[in-house]
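For reference, the structure is listed below as structure tokens.
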Number of protein chains: 2
Amino acid sequence: MDVFEALGDPVRRSLLQRLADGPARVVDLAAEHPISRPAISRHLRVLVDTGLVAAEERGRERHYRLVRSGLAPVQAWVEALTRIDPPIPEHALDGLDLEVRRAGRERRPAPRQHTHEETA
Amino acid sequence: MDVFEALGDPVRRSLLQRLADGPARVVDLAAEHPISRPAISRHLRVLVDTGLVAAEERGRERHYRLVRSGLAPVQAWVEALTRIDPPIPEHALDGLDLEVRRAGRERRPAPRQHTHEETA
DNA sequence: GCAATTGGTAGCACAGAGGTTACCAATTGT
DNA sequence: ACAATTGGTAACCTCTGTGCTACCAATTGC
């Protein structure tokens, strides 16, 4: 399972938010959530596997903590999509505009988007 | 379905990445993906519902485009978790440290994390 | 007018995610 | 030594997500 799928589950997001406040044990997390301890345990395994959480053994206890660096891929992906990259300077297409728009009716590969995209 | 769950699916992420290059029609997207057109159509509906994509009707065609602002919630959430907030200035706890650590054995609410957390 | 293109939806099948209870191992404190 | 605490795992059930094919509506171009 990848990081994005891991973040797709609301329970796991809740666990991550809780762990942002500091480490916790499984019983603690289970007490703060409406689902059973085994369910929490499985969610934690997913989070560990995806690198979002780390566990530290301490006798019979196991302390889970948030690994913030695990979110880096998500941050990078979102930023990549958010960034507006004008691959071709606007004015360079001015002459070709009409021609490109009309050529190749049977397969329109990608009508180049306008640079003035929404950014809000 | 919320934005995080929408991003959980690899096909939908692929669609978003494709749309980052400019608008496209369903048939275009279907041609570039190994799954059927109805499947693409349903994914697009999810993306529209979650505000990540918008559609523009143009005759019998429908042009889908990326709505970058739809990613804002994700960006905010990730940033909130990534940020390290020292709610209490380190030295303020110096006197209480041992006492806090030992009090209340039957219920450990949240062993306050050390400020020097990993940031990588 | 008519064939072709575009695209949504319905109906169905299947895999997998996520919940539960039951059970077991290991550690701890009295 | 022994009871209690902690936590992982197995077995099971159910439901939802995602794929498919088939079908229909609407627009378009000849």
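Residue numbering restarts at 1 for every chain, and letters A, B, ... go by the order of the sequence lines.
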Once you round it to whole Å, what is the distance between P of C/dA15 and CD of A/Glu5? 17 Å
Between the base of C/dG8 and the side chain of B/Arg37, is there a donor and acceptor pair under 3.5 angstrom? yes
On the nucleotide C/dT20, are OP1 or OP2 found under 4.0 Å from the side-chain N or O atoms that A/Ser36 carries? yes
Short side-chain N/O contact to D/dG8 OP1/OP2 from A/Tyr64, under 4.0 Å: yes
D/dG17 OP1/OP2 closer than 4.0 Å to side-chain N/O of B/His43: no
If you go through the side-chain atoms of B/Arg62, does one of them form a donor-acceptor pair with the base of C/dG7 closer than 3.5 Å? no
Could you go through the side-chain contact (heavy atoms from CB on, under 4.5 Å) check for A/Arg65 and A/Val53 one step at a time? CA-CA 6 Å; A/Arg65 63 169 234 280; A/Val53 154; over 6 Å; no
Which whole-number value in Å describes the distance from B/Arg58 CZ to D/dG29 P? 13 Å
Out of C/dT6, C/dG7, D/dG8, which has the shortest distance to the side chain of B/Arg60? C/dT6
What integer distance in Å separates B/Ile40:CD1 from D/dT18:P? 12 Å
Taking atom P of C/dA25 as reference, at what distance in whole Å does atom CD of A/Glu57 sit? 17 Å
Whole angstroms only, please: what is the CG-P distance between A/Leu44 and C/dA17? 17 Å
Has A/Arg45 got a side-chain N or O lying under 4.0 Å from the OP1 or OP2 atom of D/dT9? yes
From CD1 of B/Ile35 over to C1' of C/dC14, roughly how many Å is that when rounded to an integer? 16 Å
From the list A/Leu71, A/Leu44, A/Val67, side chain to side chain contact (heavy atoms under 4.5 Å, CB included) with A/Leu52 holds only for A/Leu71
Is A/Ser41 close enough to D/dG7 that one of its side-chain N or O atoms is under 4.0 Å from OP1 or OP2 there? no
Whole-Å gap separating P (D/dG17) and CZ (A/Phe4): 20 Å
Carboxylate-amine/guanidinium contact A/Asp28 A/Arg37, below 4.0 Å: no
Given that A/Asp9 and B/Pro38 both sit by DNA chain C, which one's nearest nucleotide is further toward the 5' end? B/Pro38
Can you say whether a donor on the side chain of B/Arg25 sits under 3.5 Å from an acceptor on the base of C/dG7, or the other way round? no
Minimum-distance nucleotide (side-chain atoms of B/Val26 versus D/dT18, C/dA17, C/dG7): C/dG7
Keeping the roles fixed (side chain from A/Arg12, backbone from A/Ala6), state whether a donor-acceptor pair exists under 3.5 Å. yes
Identify whether the distance between the nearest side-chain nitrogen and carboxylate oxygen of A/Glu32 and A/Arg18 falls below 4.0 Å. yes
B/Asp49 CG to C/dT9 P: how many Å, rounded? 10 Å
